[in-house]
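Notes for the one structure printed next.
Residue numbering restarts at 1 for every chain, and letters A, B, ... go by the order of the sequence lines. FYI, side chains are in, hydrogens and waters are out, and symmetry mates aren't considered; it's all heavy atoms of this structure. Just so we're clear, the structure is a prediction, and the values are computed from it rather than from any experiment.
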Amino acid sequence: MAPAAAHIPVAAASGSFLILPNIGLMVWVLVIFGIVMYVLSRSVFPQINAMLDRRAQMISNEIDSAESLRKEAQEVLDEYRQRLAEARTQADEIVTRARQAGEAHQKEAVESARAERERLLQQTRRDVEAETRRAIDEIRREVADLTVLATEKVTRKTLTDADQRRLVEEALSDLDFSVLGGGEG
Amino acid sequence: MSALAAPAPASTPGGSPPPGDVQPKPTANSRRRIILGLTGFWLVGLIFFIGVLGFGSHKALDVRNGTFTPTNEFKLDTWFSVGPVNFNKGVLYVILAAVITLWLMIYAARRLKQRPGRLQAAIEMFYGMTSGMARENLDTTLSRKYFPLIATLFIFILVSNLIGYIPLPVNTLDKFSLFGARLPSFQIYAADTNLAFPLILSLLVFFLFSWERLKAHHGPIGFLKSLLPSGIEGPIKPMIFVIEVLSYFLRLISLTVRLWANLLAGHMLIAFMGGELGVLVGSAWVQWLLFPAGIIIYLFEAVLIAALQAFIFAILTAIYLGDAVASH
């Protein structure tokens, strides 16, 4: 490398242009730079600035809108929670009321059933008593007839009504019908 | 809730990702293979050139007789003149930079949407960055006044730098033949490699911040007084004043040289590493040896330096303007 590098031609004289500014180029640069700056500052930078402002405004609006929406959503949520709480209270009340009504109804039904049972029991009891009484009367009548018949056969005479009644009464008085009446007759 | 609380599906026994997952790219292996392949290709090429041509020098005629010099490509060869106005490749690059800047910005500005695409996002990032530079260094009035200057400086220098990395047939001093036609050689050139470009912009900035300082400090006396930092007393005061005055004027030089030297050195390095050194020493193997370094420098310059220098120029403009009106 070293011997080869020694052969590099030294262009000291011709290289002076490197450190000397070209005046013509300076003018060109100044003029062209001025034009570029003028055009950019008139028709490009304002547009970019306006767009960035619009975007900043849009972002600001979006943030405001989001905040407003958030507040609205919070309000809706609060209202919803309040309503939910109210609904829960109401539901609890309804359930309580229904339970109370159910219990009252049940009690009423039990009472009604009990009363009906009592009523039916009394009715049955009355029916039984009536039937018993009727049966006793029937038996009494049968016994009386048999008694009359038997007496006629024994005495070979026809009894008058007064005799018959007397005899029957006598016979019946000897009989105890209280057993048939369940202890009541 | 159930869906959220559902346990994650168990991974398959074989360890393969479940269907629907993005398959990891086999980057590591293929990258290593590419690097190894390229290194092998480079080594084989190096051996080939040394084997066939040897270490000896085979200089071209133009190199031998001194017609070809590496700095020639930065020479502004006047193509034509209109009256006193010369037209050369420097002017072409400045016009190209202006046209591309304007086209890009106007194109983007006319298609601005609330949901930005990639270009719009980049333009907005540029706008936000340059307006941030202005806002952070200047008060509201000056920020509004000088934002166009700062933003234009940034985008104009950036575009100028970037088009400087596209090879174009603009080297009219070193032509090549194609089917008998003598055509300008391709080269990478940037207008900022000529001192004129950064110097005039620096002069503009220097004039503006000096003017603002003059206005802010009510005339030349206030101007000079403002250069002296507060709290300096005693015999050291004149010395500090001289240093501050020098430092003030050196801003012009530093602003100019930083941009110019970076771009010029970058372009020269790319050209040298990309093959020019090999041409000068007349060794193909030197060209082949340094070519990867050329690519690396090219990428470094195009990706980092182009944007960095534009950024530095723009932010220093904002800082100097801010400093001009600040009270010490």
Check whether any side-chain heavy atom of [X] sits under 4.5 Å from a side-chain heavy atom of [Y], and report yes or no.
{"X": "Phe45(A)", "Y": "Thr152(B)", "value": "yes"}
{"X": "Leu18(A)", "Y": "Met268(B)", "value": "yes"}
{"X": "Ile48(A)", "Y": "Met105(B)", "value": "yes"}

Determine whether more than 12 heavy atoms belonging to other residues, nucleotides or ligands lie under 6.0 Å from atom [atom1] of [X].
{"X": "Trp79(B)", "atom1": "CH2", "result": "yes"}
{"X": "Arg126(A)", "atom1": "CZ", "result": "yes"}
{"X": "Phe291(B)", "atom1": "CZ", "result": "no"}

*Residue by residue, which of residues 260-267 of chain B have a heavy atom closer than 4.5 Å to a heavy atom belonging to chain A?*
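The list, in residue order, reads Trp260(B), Leu264(B).
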Interchain contact, [X] with chain A, by part (heavy-atom threshold 4.5 Å):
{"X": "Ile123(B)", "result": "side chain"}
{"X": "Pro198(B)", "result": "neither"}
{"X": "Ile155(B)", "result": "side chain"}
{"X": "Phe156(B)", "result": "side chain"}
{"X": "Val85(B)", "result": "side chain"}
{"X": "Phe74(B)", "result": "both"}
{"X": "Leu149(B)", "result": "both"}

*What are the two closest heavy atoms between Val44(A) and Ala109(B), and how far apart are they?*
CG1-CB, 4.1 Å
*Do you know the tightest heavy-atom contact between Val36(A) and Ala98(B)?*
CG2-CB, 3.5 Å
*asked:* Applying a heavy-atom distance below 4.5 Å, give me the residues of residues 53-89 of chain A that approach chain B, sorted by number.
replied: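 Listed by number: Arg54(A), Arg55(A), Met58(A).
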_How long is the straight-line distance from OH of Tyr127(B) back to CD of Gln47(A), given to the nearest 0.5 Å?_
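Here the interatomic distance stands at 11.0 Å.
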*asked:* To the closest 0.5 Å, what do you measure between CD (Glu124(B)) and CE (Met51(A))?
replied: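 Taking CD in Glu124(B) and CE in Met51(A), the distance rounds to 4.0 Å.
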*So which of Asn49(A), Ile23(A), Ile35(A) has the largest heavy-atom pair count under 4.5 angstrom toward chain B?*
Asn49(A)
*Residue pairs, two or more places apart or on separate chains, that pass side chain to side chain donor-acceptor pair (under 3.5 Å) and touch residues 83-104 of chain B*: Ser81(B)-Asn86(B), Lys89(B)-Gln187(B)
*Quick one: which residue pairs count as a side chain to side chain donor-acceptor pair (under 3.5 Å) with a foot in residues 22-43 of chain A, not counting sequence neighbours?*
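Matches after skipping sequence neighbours: Tyr38(A)-Arg42(A).
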*Of all of Lys113(B), Arg64(B), Arg110(B), which one pairs up most often with chain A through heavy atoms under 4.5 Å apart?*
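Of Lys113(B), Arg64(B), Arg110(B), Lys113(B) has the most heavy-atom pairs under 4.5 Å with chain A.
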*Could you please spell out the steps behind the side chain to side chain contact (heavy atoms under 4.5 Å, CB included) verdict for Phe33(A) and Ile200(B)?*
CA-CA 10 Å; Phe33(A) 179 80; Ile200(B) 189 65; over 6 Å; no
*Any chance you could lay out the side chain to side chain contact (heavy atoms under 4.5 Å, CB included) test for Leu20(A) and Leu195(B), step after step, and finish with the verdict?*
CA-CA 7 Å; Leu20(A) 289 175; Leu195(B) 197 56; over 6 Å; no
*Contact part of Leu52(A) toward chain B, heavy-atom cut-off under 4.5 Å: side chain, backbone, both or neither?*
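Contact with chain B is through the side chain of Leu52(A) alone.
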*Give the C-alpha distance, both sets of side-chain angles, the deciding distance and a yes or no for side chain to side chain contact (heavy atoms under 4.5 Å, CB included) between Ile106(B) and Val39(A).*
CA-CA 9 Å; Ile106(B) 292 170; Val39(A) 175; 4.0 Å; yes
